[in-house]
Amino acid sequence: MILNIKYLGHSCFLIESKGFKLLFDPFIKGNPIAQEVDIKTLNPDYIFITHGHGDHIGDTIEIAKLSGAKIISSYEVCNWLSSNDFEMFGLNIGGKIKLDFGFVKMVAANHSSSMPDGTYGANPGGFVIWNDELSFYISGDTSLIWDMKLIPLTVPQLDFAILCIGDLFTMGFEDAALAAEFIQCKNIIGCHFDTFAPIRINHQNAIDYFHSKNLKLILPKINQIINTFS
Ligand code: NI
Ligand code: MN
């Protein structure tokens, strides 16, 4: 497993695999604690958007225009972006597509989704991405759901997962630890924490709780690169 995962704050990650740069939920300019991140340097090949909320759509339009990145999201989120000249792949829950970097499957999330202008934003989702190098799950914003148990039954064994952990709007750390058990994955990266005061978390409590369940939790710092879980 070759890992190259860069955290860019909130739910935004830049993950490189097989020579492709995959960017997730690029909420950067509006993120008060990510001001050192320069969106011009990201240059992704693909931008994945889990749902329509502003803290996930974020700077998608600007980054896609700068980079020519293709966009992967729900069908309705792609429709909302369709006045732009982007190449897009609109999925719905349970669907998968094979692209040049590997497979992507959109999986269930339990949350809400409206676009920044109030347009209907379709069901929110998560993504599982895999190729012959790695397999991972990114939850998007969600509660703990039984559907997570379907993931290990339907995709290659996960090397790691990115789970929301900030509570209030999404899972908190106790539910995220149960999610790790549901998806049968010990290597977890937390996201959707600390961005704003209401989702600030006690890092040591969360890390210790995961440790007590024989799970590994990384709570990355902005611009931190993760290339191992050992
Ligand atoms: Ni949301
Ligand atoms: Mn959110």
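Counting convention: from 1, in listed order, for ligands and their atoms alike.
When distances to the Mn ion (ligand 2) are checked against a cut-off of 2.8 Å, His10 contributes no N, O or S atom below that limit. At a cut-off of 2.8 Å, His56 is counted among the residues with an N, O or S atom near the Mn ion (ligand 2). Residue Asp141 counts as close to the Ni ion (ligand 1), with an N, O or S atom under 2.8 Å. The Ni ion (ligand 1) does not have His56 among its coordinating residues (no N/O/S atom, backbone or side chain, under 2.8 Å).
Taking the Ni ion (ligand 1) as reference, His53 places its N/O/S atom ND1 nearest. Atom OD2 is the N/O/S atom of Asp141 found closest to the Mn ion (ligand 2).
Going from atom CD1 of Ile188 over to atom CG of Leu163 covers 4.5 Å, rounded to the nearest 0.5 Å. Residue Lys6 holds its NZ atom at 12.0 Å from CD1 of Ile226, rounded to the nearest 0.5 Å.
The Mn ion (ligand 2) lies at the vertex of an angle of 90° between the NE2 atom of His192 and the OD2 atom of Asp55 (rounded to 10°).
Between the side chain of Thr142 and the backbone N or O of Ala109, no donor-acceptor pair lies under 3.5 Å.
Below 30°, between 30° and 60°, or above 60°: for Phe48 and Phe24 the angle between ring planes is below 30°, a parallel geometry.
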Step by step, would you call Tyr137 with Cys185 a side-chain contact (heavy atoms from CB on, under 4.5 Å)? CA-CA 9 Å; Tyr137 164 53; Cys185 180; over 6 Å; no
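Of the N and O atoms on the side chains of Asp100 and Tyr46, at least one donor lies less than 3.5 Å from an acceptor on the other residue.
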